[in-house]
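No experiment lies behind these values; they were computed from the predicted model shown. Throughout, a chain's letter reflects where its sequence line sits, starting with A, and its residues are numbered from 1.
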Amino acid sequence: MRPCTENIWPDAFSGAIFALEGIRDVVVILNGPTGCKFYHSAISDYQYPRDLSFDPLNYPEIYYFGQPRVPATFLDGNDYIYGAASKLEKILQRVGGKPQYKLVTVVNSPGAALIGDDLQRLARTHIPQVPCICIENTGFSGVFAEGFQNALLQLLSHLNPPGHQGVEPYVNLVGLSIYHKHYRGSIKELQRLLSLCGVKVQTTMCCGNSLEELRNFTRARLNVVLDPDYGLEVCQWMKSHHHMPYLLPASGLPLGFEATERWITQVCSALGVNPLPALEDIESCRARAFLHLSRYNSVTGLPRGASFAVKTEPALAAAVTIWLHSYLGMLPAAIELLPSIHHCTAQKLEDYLRCYGLHQAFHSKFMDCGADVLLSDGNTLGQAQLLQKQPFCGIEISLPSLGYLDVVDKSLLGASGAMLLIEQILNGLRFVYS
Amino acid sequence: MKQIAIYGKGGIGKSTVAAHISAALANRGLKVMQVGCDPKHDSTRLLTCGRAVVTVLDYLQKTSPDQRQREDIIDVGYGGVWCVEAGGPKPGVGCAGRGILTTFDLIKKLGVMDSGLDVVIYDVLGDVVCGGFAVPLRYEYADEVYIVTSGEFMSLYAANNILKGVHNYDIQPRLGGLIFNHKGLAEEELRVQRFAAAVGLPICAVIPRSEDFAIAEQMACTLFQSSHSKLHSLFEDLAAQMAAEHQLYPAHPLDPEQLEELILNRYVMPSSKDIAYEDKASKLTPDAPAEKATTLLSLNVRRREPLHGCAFNGAVNVAIQVQDAVTIAHGPRSCAHASYQTITSAGRKSQFERGVSMPAHILPPLISSDLNEGRLIFGGISELRKRIIEVQACQPRAIFVVTTCPTGIIGDNLEEIMDLDDHHKTRLIALEADGNISGDYLQGMITAYVETARALIDPHITPAGELVNIIGEKTIASVTEPNLKIIKELLRQIGVGINCRFICQTTVGEIAGFKKAPLNLLAYDDYMGRLMRDHLGLNYGAEFYSRPFPRGFEETSRWLAEIAAFFGKSDLVNGIINAYEELYRLQIAGLRPALEGKRLMVVTYNHDIDWILEPALDLGMEVCLVGILNYSQDNHFRSRFKGQFPLIEPYPQDRRLEDVARLKPDIFLSNHALSAYDSGVFTDVIPLCPQVGFLSGVDLAQRWTQIFRHNINEGWKRDAALYRKYLA
Ligand code: SF4
């Protein structure tokens, strides 16, 4: 039998849950069966740990099923016929009343979305004193990022923020989720670089802020879109509803030195502050990278000419591809993009490759053509290890992870993200070319 | 803006009434929109002169989200009325209710409601009052509700059901009244009046039977365009009434007995709940054949407990174990994704932690039929057929199709794909888990075991040779492959081979040859194992050895001796056991100095812990308490050491900390370590699926020795306060 399967990516349902789960003091009640709950609770807890133990006995409450996150109404066949109102009533009263939750959100599972219980009415009736938003249909098989943005939009439109102040050089970073690899480290790194220029990050929306921090999103002078799939609509909404300007940096994600420099320069110029301190910091990282690259290159001639393949979402794929090609002199062998909302990113990448006569990579798959380095998620890397005869080096840039526990926060973005990628590539190529 | 929902039984004439009300309102100079909420999508036909309106659901299917525009779903009809039709699937397929939900969603998203409308009329089918058809009743929509009815019983019955729906939603009165549409039946008027009086509603209009309607229908227009009918004034009055402020009424539906008595004017038999049930068995004739019990249920389902996981996921986890088959998850991608990630998480863990590749868990042969909203509304079978044909091109020996909650809810019928089953090339096996509608995770596993056996086991093979099958291994436990290695080695030493692992890392061919093995070995003696043993014994004549995979010295010795005896190889056993015994004694002697006299407390879900107690007692440890937690899948705690330690069964979860403080054990053993936050005791973890073989318990004790020998105390455990300060 020919292998005909590949990693199955999350869809809009997970996008909505992980958006809301990324807010520190919000509870996501899943109106659905435990079949949908277990996975989402486990991933949310893993990506954004807030509890000390995996011991199910620590979470004995009925709706939690031994897990700390995403309590669920545990719908069954009867509820699909008769509706889930009575279960919802109970869970809303029990979970919604907990003081640690500043906002209750209810998300329908795919099955519950079909039967059409009126969630908002139930919430209004049973927990009138608690703010609550309900997402009745996250979409079926929709793009993950779309579910993420829709949930975030619904949440923002429910908040009652103070009017747009925007005096201080504060920014909101929009377009990262807790389902992004190394999201915590990436945010810290961007915060670090911006703070060198006197810019403060007001919120990162769904990556660990509290509801109150999020509610104050209007304090930022500027919204900065990181990945348009995850943030553009939200920024457009903030512009039309709160008159907040936004910046969609032409350089794309701040991944790699040059893109980070351009990104910082653009953000600083939009805010009217001096980017030099951050640029100097990046320069010192470049110097260090140069030392290592030069020594490595003098012995091996690499990484120049080494081939690489990327399989991930378009914005990340574009940033990685352009940087590995333009800075390290590596050659793209296969670029596989996941479904997206904004096709322009993919188009830009294809145009870039065409410029260098490399667009064939756009129509190739790593499993068919191989490459020295594969940048993707843990599943794809594991599968490649199983099927690929040629040695290659795998670098995780998306989830799920192969399982390495990151005690030290690492970044994919910014200067330290660039350093991490260089480190992984140089070490990986030693294995490939040994 | 006023929103008015007009409900009524299908075919009662509510679309005609709705269209005339819309027209009359428009004639008053109001900006009106009529939304047809019936899959037949002919609500606005009279307003559009018979022009077919593009239905919202068709439009959604054909237009990408970024190109959707308000104008595309609106047809402007008579009097400038905006005409919108939801559309929907053919009867018997898909989910029309979901279609209505989707339509309202799009209307909202496109900002139609913010277009300066004065009145919106929803024309809604009232036979089906599922969540979808009830959307117009939500508070954000209908301000007023009218019910069109004739004097037929079924029409009044539907009207009463609609009242029940309204009743469920209402906090404040919203009913305008009944609109009586004559059918020309005897005593019809009387029945409607009786009903109206009983439910406390006015009859807002009485629409007579009239030839004028037939003419208008033929001309595909309203009476306002077709004639100078006397009926104009009737609708004008009704529209005026609706447009004005007026009294609204609460819903007081009747119960079924009242309804029958009232309308049919007859005495109603007491309902079944008032009659003692007769013993059905006594009515059976003596020679009626007794039904063979064939439905296998998981404990969760049998006990009607909250379901743990979904049958879809359980079935997928079994199906993907057949290496030369492909499994199609029929439903939205989220279901396949969750299942895929659960499966691969075990594979990634094994690959990362031990460098051991578990192919089925690294590259599970699983794909999704990726149903989108459109497919779920209109039915997903055609998409599924396409997927099956695509997969057939990869030439698997079998294709499993597993259904999810959404495809179960919309009723996709897998019979319709069975013509693609090819006995010679690719078998097609339908696993109708329907998400969790059929039950929990274990129920799905049962479905997969039973259906796979039915489809693949060749019943004509007779047992021969020195072979065993292994039944019921836990496919996602990390210990499964290491355990297999140990069992395989033990069996090898007595000259016995493994025929088929049912169903773990196997192939279609191995399952087909299942009956070749004269003996079957259970991996676990739990509920699932016993269920499979009985099923395979009853239906395939499978003979089973009575004990599961052994743990600890004593159990393993007996297991090996009895299997060897079955195959007439007893002479080989003594030598093997003696060699292991020597090893066991040697290890115990080495561990004793560190562990003798230490106090051990165990709290666990495991119901067979003799493999831990055996070395603990041999080491001279004091077992100060064993607490057995209740776990629905296995409630058979047993021990040959009973009486040698205090036992609490079932053990209440919340007693742990109190007992630890009271008993002060040196070692606390559980399935999860106590949090460093709450205890100072040394804890170790018992795996839910332990290692098998002669040395299982000794290997665990080895860890404790290291800790006591070196008097390990972790400094990090003193940082709980810092955690609280910075992160909690
Ligand atoms: S929707 Fe149903 S089938 Fe899908 S994952 Fe959830 S419980 Fe399982």
Side chain, backbone, both or neither of A:T138 within contact of chain B (heavy atoms, under 4.5 Å): neither
Donor + acceptor pair across side chains of A:N379, B:Q341 (<3.5 Å): yes
Pairs of heavy atoms under 4.5 Å with chain B: top-ranked of A:I341, A:L386, A:D79: A:L386
Proximity breakdown for B:A311 and chain A, heavy-atom pairs closer than 4.5 Å: neither
Top contributor to chain A contacts, counting heavy-atom pairs under 4.5 Å, from B:G331, B:A338, B:C335: B:A338
Over 12 foreign heavy atoms within 6.0 Å of NZ, B:K164: yes
Which portion of A:N137 sits near chain B, non-hydrogen atoms under 4.5 angstrom: side chain
Distance-only donor-acceptor check, side chains A:H342 and A:E233, under 3.5 Å: yes
Option in A:T34, A:D118, A:I43 with maximal non-hydrogen atom pairs under 4.5 Å from chain B: A:D118
Under-4.0 Å salt bridge between A:R69 and A:D45: no
B:T103 side chain reached by B:C37 side chain, heavy atoms, under 4.5 Å: no
When B:A329, B:A393, B:G408, B:S339 are compared by non-hydrogen pairs under 4.5 Å with chain A, the top option: B:A393
Donor-acceptor side-chain pairing of A:S141 and B:N372 below 3.5 angstrom: no
Residue among B:S345, B:S368, B:A336 with most heavy-atom pairs under 4.5 Å to chain A: B:A336
Distance-only side-chain donor-acceptor flag, A:D117 / A:N31, under 3.5 Å: no
Under 3.5 Å side-chain donor-acceptor pair for A:S401 and A:E396: yes
Proximal component of A:F140, with respect to chain B [non-hydrogen, under 4.5 Å]: both
Heavy-atom proximity to chain A below 4.5 Å, by part of B:E353: neither
The single option from B:V326, B:D324, B:V508 passing side-chain contact (heavy atoms from CB on, under 4.5 Å) against B:P396: B:V326
Chain A contact via B:N313 - which portion, at a heavy-atom distance below 4.5 Å: neither
Pick from B:S334, B:G347, B:P406, B:C405 with the largest number of heavy-atom pairs that fall under 4.5 Å of chain A: B:S334
Residues B:H330 and B:S369: side-chain donor-acceptor under 3.5 angstrom: yes
Residue A:L387 versus chain B: region with a heavy atom under 4.5 Å: side chain
Region of A:Y404 that comes under 4.5 Å of a non-hydrogen atom in chain B: both
Under 4.5 Å from a heavy atom of chain B, the part of A:E6 involved: backbone
Portion of A:A85 that has a non-hydrogen atom of chain B nearer than 4.5 angstrom: neither
Donor-acceptor under 3.5 Å (A:S240 side chain, A:W237 main chain): yes
For chain A, the option from B:L366, B:D105, B:T342, B:D434 that forms the most heavy-atom pairs under 4.5 Å: B:L366
Interchain contact, B:Q351 with chain A, by part (heavy-atom threshold 4.5 Å): side chain
Most contacts with chain A, counted as non-hydrogen pairs under 4.5 angstrom, among B:A325, B:S438, B:G435, B:G439: B:A325
